[in-house]
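Lettering follows sequence order; numbering is per chain, from 1.
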There are 2 protein chains.
Amino acid sequence: MTARTPADDAPDGVVHVDGVAGRPQGRESGREIPEATVARLPIYLRALTSLADQGTDTCSSEDLAAAAGVNSAKLRKDLSYLGSYGTRGVGYDVAYLRYQIAREIGLTQDWPVIIVGIGNLGHALANFSGFRSRGFSVVALLDADPQRHDELVAGLPVRPFDDLERIVAGQGVSIGVIATPAVAAQDVADKLVACGITSILNFAPTVINVPDGVDVRKVDLSIELQILAYHEQRKAIPATAADGGLDEEVTA
Amino acid sequence: MTARTPADDAPDGVVHVDGVAGRPQGRESGREIPEATVARLPIYLRALTSLADQGTDTCSSEDLAAAAGVNSAKLRKDLSYLGSYGTRGVGYDVAYLRYQIAREIGLTQDWPVIIVGIGNLGHALANFSGFRSRGFSVVALLDADPQRHDELVAGLPVRPFDDLERIVAGQGVSIGVIATPAVAAQDVADKLVACGITSILNFAPTVINVPDGVDVRKVDLSIELQILAYHEQRKAIPATAADGGLDEEVTA
DNA sequence: GTCAGTTTGTTCTGTCGTTCACAAACCTCC
DNA sequence: GGAGGTTTGTGAACGACAGAACAAACTGAC
């Protein structure tokens, strides 16, 4: 028998892992996880949580791949970058694998997050329950507009942007969310970086420049729509108009 | 002289393009635009708009690449899929290129969009000005909750989800936005598809399955944060802890 | 203990995407 | 009209990723 059985797993994500000899124990330090794989780990994590909620103890790569909406070969390869957490002939233990992925992503600790720009989107983000449930806690809301100060949003007071440095230093924040208008985004990003923030999630529809060592991820609503529009346009054309003749006499 | 000069372009995005012989006129029908390129076209479009607002008539690939935050070689290759819209030794005419990209994406027409699920996020989306300014118009807001019906959000009444078919058929809607809780998303997606929607932008944190011919793009806030957390965790480890020894005695 | 059936982990191969480097094309100046 | 400088468009090398296919490893039956 190995170090784990479905029966002795803690009920809710808290899995005790002891380094018993004979069980492959995670990834060797040399391997780097490809970026494409990193981007899918949260999807697997969610799929595993869903399976666990349904009472599933064990699943095959085929099952999990279906739940995550990917190819099973891809799933197995992705998981292999983390280590050998499955059992051939059996599959994966849901709770165990879930914990391993969570640990790999870094969700075994709590990440304090601040949100800058409490407009429509900032409100929605502050109220978004998916943050806290996944190990992120919004510790402060900042806005440059004095009219918004001290207003309570999702139980937190909106604070002036000048409090940034104190908050970041005091709470050990390393992740910031920008939900300001586009014109303010670069300035906010600069100040976040200056205070020690090293990861930024940018909702403002503009490119922001940051120094090396700072990660930026962009979420852009209208870009996603435009990509859809491109494909939609292609569908609508009945294959005749697309074959030449369209480029002439084009006017706005 | 070619068919265009910076001077005789219409002032604001409306560019008259006539098929004068001697000027390369767009892409041949055979070529397919790579998906990665399609995803960047909206970024170039935004950068061009920004340059135009600053009064710039002409820009080099280097300029535009800097504004869009990409490599200039990549930019040139991307644009080459659309056609030869630049002039060697000179660069690109901002207004002309902007129009060509907009046409390629399909933004010369207006795309009606419906939003399903008018919670916190739905509110923010309905009020998001970036939609209308880029050729998308929100024509209806739907919600299953009767308590929300007829409430005015961004000037539009929230309507019952059962009105879906009538609205889609009546307004010729082909793009739908899902901003419901995760549990409702698949059901909403099925109904959207049944009514003839062929492009879906999904904000619900779950995988949705659709038949072939329907495009889905996913925007997932917590996944983005988790990806940031992964890299953040890697930064924090001072390269010693990462080299083994961490896998034992890990508890939540 | 052996055999059949199942499922993982990994290797291999083709495709897609990025980057470099350079010829072709253009402008300006003389 | 020609020379020199500039910039695009693209061929080619390179790297990352996806998917198929298979050997290795496990379970359970007998």
Going by an N to O cut-off under 4.0 Å, is there a salt bridge joining A:Asp187 and A:Lys191? yes

To the nearest Å, give me how far apart CG (A:Leu79) and P (D:dC17) are. 16 Å

Can you measure B:Arg40 atom CZ to C:dG17 atom C1' for me and round it to whole angstrom units? 8 Å

Atom NZ of A:Lys74 to atom P of D:dA21: distance rounded to whole Å? 17 Å

Where do B:Val38 and B:Pro42 come nearest, in terms of heavy atoms and distance? O-CD, 3.1 Å

Measuring from the side chain of B:Arg76 (C-beta onward, heavy atoms only), which nucleotide among C:dT10, C:dA21, C:dC26 has the closest atom? C:dA21

pair A:Ser199-B:Lys235: side-chain heavy atoms closer than 4.5 Å: yes

Interatomic distance, A:Leu75 CG vs C:dT7 P [rounded to whole Å]: 14 Å

Does a distance-only test, which skips hydrogens and angles, find a donor-acceptor pair under 3.5 Å between the side chain of B:Lys77 and the base of C:dG17? no

Between A:Asp63 and A:Ser60, a side-chain donor and acceptor under 3.5 Å: yes

Protein-nucleotide distance (A:Asp78, atom CG; D:dA18, atom P), rounded to Å: 7 Å

Side-chain donor or acceptor of A:Arg88 under 3.5 Å from a matching atom on the base of C:dT8? yes

With DNA chain D as reference, determine whether A:Thr37 or B:Ala73 sits nearer its 5' end, using the nearest nucleotide of each. B:Ala73

From A:Glu232 atom CD to B:Gln109 atom CD, the distance as rounded to the nearest 0.5 Å: 9.0 Å

Regarding A:Arg234 and B:Glu104, does a basic nitrogen lie under 4.0 Å from an acidic carboxylate oxygen? yes

Between B:Cys59 and A:Glu35, name the one whose nearest nucleotide on DNA chain D is closer to the 5' end. B:Cys59

To the nearest angstrom, the CG-C1' distance between B:Leu82 and D:dT8 comes to 14 Å

So which of residues 211-218 of chain B are in contact with DNA chain C, with a heavy-atom cut-off of under 4.0 Å? none

Shortest side-chain distance from A:Tyr92, nucleotide among D:dT8, C:dT8, C:dT18: C:dT8

Hey, does the side chain of B:Ser61 come within less than 4.0 Å of D:dT7's phosphate (OP1/OP2), counting only N and O? no

B:Asn71 CG to C:dC20 C1', straight-line distance once rounded to whole Å: 9 Å

Take the protein atom CG of A:Leu64 and the nucleotide atom P of C:dT8, then report the distance between them rounded to whole Å. 9 Å

What are the two closest non-hydrogen atoms of B:Ile223 and A:Ala39, and how far apart are they? CG2-O, 4.2 Å

